[in-house]
Amino acid sequence: MIKYFIVCIIASMSLIELHGQNFFKEEFNEQERSKLNFKCSEKKDSTHKYFKLKFKDDNSELGNIGYPIMIKSEENIDTINLIRDLLSFEGDTCICVIPIRCYNPKVSQVYMGSLKDYSIQLEALFLINQFYFDKPFYYSPYPLLKSTKSNKEESIDGEIIEMAYVAYKQWFEKVKEIGLKEAKRQNIEPLEGYPIKWYK
């Protein structure tokens, strides 16, 4: 009986290794965040923790601290698997170490809203855009979602982000069905048909 349990544990550990997530959360404190030269919110709390999604094979000290995320081109990238893994961060409201800012230099509009930070669950969607779109920052210049009905904005959690996950999961099912190349050819966008958009 004990041998059976040991075999089961070893088998499940190898499955975890084989099908483990491609991303994990790198942790930062307030002091480390300020060293990154980000213009952060006024509130300083030395005990507060921040996070950044980091690719599993990234051995650099800070990882992909900015965007776009860089993954070595010689790696065989399974984009479908990366998207699946990123969708698993739904509900993670830990704060990203990077504050909200624009990543599309052609966007003339400056964000003047009150939101300063965004969550890991929102970063995951923001990263999915970078794996899917050829020009991701045209689609999502800011890691910030907005309702097209009420103009309400969300960056940490709430019904807009929840709806975005519903939309992205539905989109992902279609992408898996028809293939990534065909989805791009048809220009199928994740938030299509939903009353939300990325802030522009």
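Side chains included, hydrogens not; waters and symmetry mates left out as well; all remaining heavy atoms used.
- Residues E182 and K184 are not paired through a salt bridge, judged by the lack of any N-O separation under 4.0 Å between the basic side chain and the carboxylate.
- Geometrically, K25 engages F51 in a cation-pi contact defined by less than 6.0 Å to the ring centre and at most 45° from the axis.
- Between Y168 and E90, the side chains place no donor N or O within less than 3.5 Å of an acceptor N or O (distance only, hydrogens not considered).
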- Start with the C-alpha distance between E26 and Y50, add both sets of side-chain angles, then the distance that settles side chain to side chain donor-acceptor pair (under 3.5 Å), and finish with yes or no. CA-CA 8 Å; E26 181 82 9; Y50 299 92; over 6 Å; no
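- The existence of a salt bridge linking E173 and K176 is confirmed by a sub-4.0 Å separation between a basic side-chain nitrogen and an acidic carboxylate oxygen.
- Between Y67 and F126, the two ring planes are perpendicular [angle over 60°; tilted spans 30° to 60°].
- Note that R33 lies outside the cation-pi zone of F28, set by a 6.0 Å cut-off to the ring centre and a 45° limit from the axis.
- For the pair K135 and Y138, the cation sits on the ring face: its NZ or CZ lies under 6.0 Å from the ring centre, inside 45° of the axis.
- Counting only residues at least two apart or on different chains, no salt bridge (Lys or Arg N to Asp or Glu O under 4.0 Å) pair has a member in residues 137-146.
- Proximity of L53 to F24: side-chain heavy atoms (C-beta onward) are nowhere separated by under 4.5 Å.
- Under the side-chain contact (heavy atoms from CB on, under 4.5 Å) test applied with Y132, the options L180, T79, L127 reduce to a single match, L180.
- Inspection of the N129 and S140 side chains reveals an N or O donor paired with an N or O acceptor under 3.5 Å.
- Looking at Y103, Y111, F137 one by one, the single match for ring pair (Phe, Tyr, Trp, His ring centres under 6.0 Å) with Y199 turns out to be Y111.
- With hydrogens and angles ignored, the 3.5 Å screen pairs a side-chain donor or acceptor of Q121 with a backbone N or O of I156.
- Although no hydrogens or angles enter the test, the distance criterion places a donor-acceptor pair under 3.5 Å between the side chain of S88 and the main chain of D85.
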